[in-house]
Each structure stands twice: as C-alpha cells, then as structure tokens.
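Shown next, in structure tokens, is the structure this report addresses.
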Amino acid sequence: MPEIDIDPTTRIEGHHGITLQVDADGTVTEAKSKMEMFRGAEIVTLGRPPSDAPQITGMVCGVCFLCHRFCSSKAAEDAALNAEDVDFGGPPANAVRLRDTVEGIFYLWNHAVHLFALVGPDYSDAVAGTGFDRLDPLEGDGYMAAMANQRKVMKALAEFGGRAPHPVAYVPGGLATRPDVSTIQAVKSRVQEVSNWLGATENVPQVIENVQNGEFDPALGEGLHDIVSIILAAAEAGAADIGQGPDRFYSNGMFEDPESGELFLKRGVYRNGSAEELTKQEIIDGITEDTEYSWYTDDSGGAPTDAKPPEPAPEKDQAYSWGKAPRFEGQSMEVGPLARMTITGLDPFDLRATLGGGAAESNTLNRLIARAQETLVVRDQIMDWLDAIDPSEPFMADDWSDDFTGKGVGLMEASRGALSHYMDIENGEIERYQIITPTIWNLGPRDGSGQPSPLEEGVVGDVVSNVESPLTVLRTIRSMDPCLACSVHVQSPENASKTEVEPVTPSIGGGSCDI
Amino acid sequence: MTTRRNFLRLVGSTAAGGVISQYGTEIARAFEQVAEGDMEVVWFQGQSCTGCTISTLQAQYPTLEEALNEFRLEVTFHPTIMPEAGEAAIESMSMSPDILIVEGSIPTDIPEAATIGGRTAEDWVTDLAPQSDIIVSVGNCAAFGGWPAAENKKRLYDLGENVTGAKGLQFEKRKKGGVLGADFTGGAGLPVVNLGGCPPNPDYVLLTLATVLNGHVPELDEYNRPLPFYEPLVHDNCMHRGYFDRGEFADKPGGEGCLLKQGCKGPYTHCDDQTRLWNDGTSVCLNVSAPCIGCMEPGFWDRFSPFQQEMEGSPVLGNVSATQAGAVGVAAAAAGIGAHLGRRAMGYGKFESAEKADAETKAAEEDTE
C-alpha cells in the first residue's frame, strides 16, 4: 500500500507533516498528523510569577499572540479569585470588554489572512490552475489588497497594545494602557476602513450573483467578492465532499457581556445532531488528554487540571506526534469557526445549508463558509463593543498581586478554536502549567482507543487521484487553520529525521487538481 | 541575473552606515539597483512562532510585497507564504541563496526539536549558511536563542537549564558562538547580521536588506546588530522620561508616572523604536504605558524576568537603584545642571560596561553633592 508523506505542509503556521496510506485507486485509508516542533512552553513557564505567564505564553505564537495572552491572564486571574490568601476582586468590567473587543478585531485579522493568503491560494490560478488569479500569492490584486488591509487591522490593534504582533499592554488584572476617547476613535476609523473594503454583510446575496456572472463591483465590497469567489470555487471543486469530520463540535464560548455574563458565541458542545450549552465547570470536568500516540510518558496524560507538565518520552513505540490527544468525555471534537457557528445556531444566508450539505455538516467547504460568516457576524458587532468601553472607567484592578496560592483555568475562543490555559500558583510562583490549543483538538494524534483526530478522520475516504498533487488533503488541512507553534510541546526523537519516500508535488498552475 | 561575483563586489564596497536609517525612496532605489536579476532568498524557520514573519508583513515603506515583487527578490522558500507544499517546497529552496534569513532558534541538545522535510533545522542551517552570501537572523530567537532558550527553572525531567539546547545562529544569549561558531562569516565576508527583538521592527528587516543589497556593509555593534537601529537607549527617548527625571514612579501598570518600578527595562534596552514607532508610526509599547520588556537585547527572557519587577541591584545600574538614580536626576536639575548630568549618572550609552557605569555614577554623585 503506497504511503504519501507531505512535509512541510506550508501556508500554515509552523512545522507540520502528514503521512497518508492510500489504496490502489488512491483512496486515503489512514492518516497520521505529525507535529514537528518542540520548545517546552509549559516547562519554561514554571517557577516564575503568574504575571510572567501571559508574557511568555503570549509569545508562544506570533500569529495568535493575543488569545494566549488573554487566556493566560484569565487563568492567572481565576487562580487569584480562587485563592484564599489574597484579596482580588477580578479585572474591571471595562478591561474585560476591551480585551474581548480586541480579540474580535483580531478575528477579523486572522480570518482575513487565513482566507486570502493561506487557504485562498489553494483555489487560485497559481496553485490549482482555476483561472482565478486575484489570490495568486503576492501577485494577485486580491492578495495584495488583503495584505494592505491586514496592516490596517494591525494598526488598530497597535493603538491599544503599542505594537502588533506581540503587544505587551495586556496584563493580569486588566490592562496597562488607559485608552482615551481619541484612541478609541482611531481604532474605530481603522476598523471602519477595513470594513468598507470587506463590504456590507447585506451585500452578500448580490455579490454571490456578481461572482456567478463574472462581475466585480468594488462598491459592494472588494473583500466580499474574493471571499465569495473562494467559497464558490471550493464548492465547485467538491470541497463539501471532502474532509468530513466527526460532526461533533466544542466551543468555550466567546465575547462575554461583563454585566449580564451572556456569551455572544455560545459555550458548549454539539453532538448527536444537537447543541448543548454547558457551564464553564462542565467544560473543565469533561476534558482529558491522552498520550498513547504522543512522545510523552503515559502519566503525562489525564485531566489538565491536575496532570503534570508533559514529560517527553522520545523512545516510545507507536508514538508519532508531539501533540497530545485532547478529548471531551472521551470523544474527539472539532473546534473553530464552524464549531462556534454551529453551537450558536448561526448560518447567515443559509450558505452552509444550501452549499455545504447542511449547517452542522463538518466538511472542508463548511469550514471555509463558517469562517467567512463569522468574519461578518463579529465585524457587525465590533463598533457596538467599542462604544461600550468607557475611557473614564478603570482598566486595571487596584488589588492585583502576584503573591498568592491558588489554581485557575482560563477558557476562551481563539479565532482558530477553543483554547484553555491551566495555572497552579504556590506562594506567588507557577507550580504547574498546561495549555490545550485549538490545533491540538483538530490535528492531534489518535488516542488509546484508536480514535483519530478530526483531521485524521477527515481525510480518510478522500481520493488522491494524482499522487504528485494531493491538493485535496492540503485543502482539508488548511481549512482547519492550523497554528502549530503553540500546539507542540516537544519534537521528535531520532526517528523523526527518517527520509520520506513518496514524491509529493502539488501542481503549480498545472491544472492537475485532483478534485 | 545578478551574478554572485557582481553581488559580492557590491557588498564588498565601502561602508556607509548612515544609509541604513534612511527611508522610502532611498530604500526603493537600493532595491532597484540590484534588481537587474533575481536575488534568491531563503527564509527558514527553526523554533519559531512566525511572529517575525507577521511583523515583517507590517512593513509599510516598502511593503514586503513591494520588496518581493517590484524589486524582484525571489523568495525560493518561505514556509508561511509559499504556494508549494511537501517535497515540491523543499525542491524549490535554493541551496546557495544570496540571502539566508533565519527566524526561530536552533535546537542543539535535541536537534530533532525542529524539523522540516524530515531534516533537522540544525542540519539545514549548517548546510545553507556556508553557501549563502548574507545571513540575517531575524528576531531574538534566531539571533540569541530567545524564548526557547529561557531557563527551565524547575529543572524538570533532567532536561537541563535550556530545555532543547536552543541557540542563535552565532550567539547563545550574550555569548558568542551559537550554531555556526564565533568566527563564521558568510560569502560576503560578514558575520551573521543579528536583528534582535521579539519581534524586531519590520523596518529593521527591510532596511538591513536594502543596505546589503545596495552594497554597503552595515556597521554592527558588539552583538552584530546594525548600530543605527540598536544604539539609541529606549529610556532616553521615552515619553515618560520627564517623570523619571522628577522621580515620579507609577504604582501599578498603566499608572501615572515612570514605569521603572513596574518592571520597565527601558534603561537596559537599546533600539530606536521610541522614535521610529511601530505599525506605520502608530505607537510603541511605552506610549501605551506598557513597561519595556527588553526584547531587543541578547539574554532577553531570563535577564529581564520577572517582567513586572524592578531590576534592582543590576550591575548595569552600578550600585545605584533606579529610585536613587531618579533622585540624582532631580538633584541635578535642581542644581541647574539639567538632564545631561542625569544621563551621565545613569551611564547612558555605556550600559554594557558595569565598571564604567559605576564610576560615572559615583562621579555624578560627587558632582551633585
């Protein structure tokens, strides 16, 4: 049985490869998703004060830097709230709102970069020979416009954070900066500019019609035309029939109203055809990590609330990834925009229902559609959230102190999916740290019962008609928007340097797309 | 096609350090001058977070796309933006690039801690670097080891102080050496040009490329960082400097006053970000009251952690605490000597020499008495 190895995956963040077993007619029968970098984030975080954790873990990833910083701050604050030896009343509502708003703006940034620069080219002329050249890497007009607009979003983020990437203004207890009216106004106008490029949500039906007729009307939104083009090209290429995941989704919930506690995007799981809203504690209680196929000792797995930091076991038989296998009540779960949209019950313009085979169907096309839908849904809220920030109210707690003993959990939704940080503090020092990232959920290895991750399950059954051009598989991988930098705790021992066998050559402009 | 010989001659011509700090049209011209043919660029990632790539994508004059397209730099490999994948990606990589850019540290104790296409980053870099004309470390990790080299304080699992043995290309924290060795030089005769920072300012990346493409040898400091970017002291140009001189310190992050007691590492950190600013002139850390974390310096992480605590008793400050130094500034101002003496009291610009800072501090104290 032929083995195909794709390494590096490229146009994702970080080091990743995938090994596919295919049968005689090219159908994928088994996949192993391999994470290929180790730095040791949890280990480096230990022995330091809680305020250092967001600094370190925020810089674990230069792509999704804000979410780690916020999630780590939430874990530290949760630990302080749970501590008996310190008087901490929580971060000010104003800070909670501003962090959420900034993450919302970040969703715009990440989704735009993902759709235009990372996954878009897979449906462009340069890669797939489709004749759609606006998203050819670094040359297409749409690609260039997206690059220019991502800079504008980053400028908005820099207004609050001082710089982007890796702003340093957000700390446990709130945020260091005290944005005034004019700063908030500057952020608004930058977001508005990008929003205009994208186009109004209500224009979607007209833009779909335009794209189908080969027309381009910048007044309706340049960005919308390109995004709709990707979706329609993907639909045409059969993306609804590839990358079928487990149809089980999980979300930590996101965008919390500080007064009512209500979440704009819901927290819970979707399984057996229906959504279940869950409490934070129910989420925490449901999660375990499995290390059967990971290069960690067996006792590195278990509940992240009390498991030890991952201990490398490079000689371990059967292991093939430095990712662990997180499970919710024993089940693999897909995370990301499709999970959030499904659990929240949103399918704007019924795009997934009509193009993707159903609003809750887990497939490569629906992941793209959900990301585009979420971009618009969140964009439409950002101005209201910015308006709710009161520059005259405090942004930093008066009573934050690093000196306490307590355990905390931070849950949030990075743009890519569910993220959680677990922090145990003893006498002002981090004693234990765990991170579970969205990419681990989607691209981790199988678990002890042989249950594959959503990606490993998703590519099985896909047909690689051209072994030299496994574009189907690449499209599915990228549809999950992997970000490996923080997913991977450690990398490979000796046997990861083995020479790979089968040649893999995605066609460049050759039209040999295999779907 | 620019031949290697032509390019080497360009690079080998006399230095003009000032060119590196010029903007806009000058940079464009610099790129154009060598754009007779394609310059092959390989952007390689070791233990990276891709933050340096994302930072470079924020460059505005020129933008990265302009640098790549208008100036015909041929990036034969960049894992985040290239169209190819798998073996095709590896095959497209130039094995003797004109410019090798490395992002992320290189693990040496566990070389397999970063692999691409089944080979370790260490193997890739030690193969590519001797075949490259110019080698640039982008970011603190590639330059000095960065965060993967931060200390394993609990010494867990017998992994050693540096969990994976992460190093920079030619430095390990503040010590010369690194993966390529202290004496290494690329085809153009330069050591690895280090652009420290977590991440570095995007201007640093493109201006450094412009400089070498224009045939100038960048003037480097003792850590092989281009001097014009890394000579200014953050503290000197800080918008909160007046508070410091008056001895007024903030009592919490974001509070009113100088942020020194909130852990600001501005007095120990060299870069021109306070005047250059980030994201097309939008802002900089201290302008939003976020204490400087010292990310531009070798030894950044452990040298400056805990980040929210004042770095008291540091040899770079001599025997004078920040508060006392602030008071010296106040006394100096009161005596009509002004900020100049305050600066001398802090040993500005001479921070790498503990003895000198010490001596100057003592002298200043005597002067003000």
Side-chain angles (χ1 to χ4, degrees), chain A residues 6-10 13 15 36-40 43-44 46-49 51-52 55 59-63 121 126-127 137-138 144 147 151 154-155 158-159 161-166 168-169 171 176-178 309 311 395-396 474 485 490-493 496-500 503-506 508, chain B residues 47-55 57-58 60 63 65 68-69 79-89 110 112-120 147-148 150 152-154 156-157 159 163-164 198-199 252-254 278-280 282-285 287-291 293 305-308:
Chain A
I6 310 172
D7 179 8
T9 300
T10 70
E13 192 304 310
H15 301 246
E36 306 183 323
M37 185 178 77
F38 164 59
R39 291 175 297 174
I43 294 171
V44 163
L46 304 181
R48 299 172 194 264
S51 285
D52 271 11
Q55 193 62 64
M59 281 155 164
V60 156
C61 183
V63 180
V127 173
L138 293 174
M144 302 276 269
M147 285 295 116
R151 274 193 285 277
M154 280 284 195
K155 281 189 218 173
E159 294 279 3
R163 64 173 181 174
H166 289 330
V168 291
V171 294
T177 186
R178 291 158 289 147
E311 179 182 7
F395 288 96
M396 181 70 199
L474 289 168
V490 5
Q491 155 63 339
S492 176
S497 290
K498 71 183 161 76
T499 311
E500 307 296 358
V504 178
T505 316
I508 305 303
Chain B
Q47 293 169 301
S48 76
C49 74
T50 309
C52 298
T53 289
I54 298 297
S55 176
L57 281 176
Q58 310 317 311
Q60 195 85 32
T63 66
E65 309 90 271
L68 295 179
N69 284 335
T80 317
I81 57 176
M82 68 193 307
E84 302 91 336
E87 198 164 297
I110 310 176
E112 299 85 356
T115 61
I116 287 188
R119 287 189 83 205
T120 68
W147 107 218
N152 172 10
K153 284 181 182 289
K154 296 274 185 187
L156 280 196
Y157 314 137
L159 284 170
V163 179
T164 58
C198 187
K252 61 176 179 178
W278 281 74
N279 302 87
D280 190 24
T282 301
S283 196
V284 67
C285 311
N287 285 12
V288 298
S289 299
I293 57 171
S305 168
F307 290 102
Q308 287 193 14

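By convention in this document, chain letters (A, B, ...) are assigned in the order of the sequence lines, proteins followed by strands, and residues within each chain are numbered from 1.
- In this structure, chain B has a heavy atom under 4.5 Å from the side chain of A:P137, while its backbone stays farther away.
- Side chain of B:T282 to main chain of A:E159: no donor-acceptor pair is present (N/O by atom type, distance under 3.5 Å, no hydrogens or angles).
- Heavy atoms of B:L57 lying under 4.5 Å from chain A belong to its backbone as well as its side chain.
- For the pair A:R163 (side chain) and B:S55 (backbone), a donor-acceptor distance under 3.5 Å is absent.
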Please assess B:N279 against B:Q58 for the test side-chain contact (heavy atoms from CB on, under 4.5 Å), listing each intermediate value before the final yes or no. CA-CA 6 Å; B:N279 302 87; B:Q58 310 317 311; 4.1 Å; yes
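- Looking only at heavy-atom pairs under 4.5 Å with chain A, the residue among B:C52, B:S305, B:A290, B:P306 that has the most is B:P306.
- Of the atoms belonging to A:P8, heavy atoms from both backbone and side chain fall under 4.5 Å from chain B.
- In terms of heavy-atom pairs under 4.5 angstrom with chain A, the leader among B:L156, B:T80, B:V163, B:N287 is B:T80.
- The two atoms that bring B:W147 and A:V44 nearest to each other are CZ3-CG2, 4.2 Å, heavy atoms only.
- Taking 4.5 Å as the limit, some side-chain heavy atom of A:V168 sits within range of a side-chain heavy atom of A:Q55.
- For B:I54, the parts sitting under 4.5 Å from any heavy atom of chain A are the backbone and the side chain alike.
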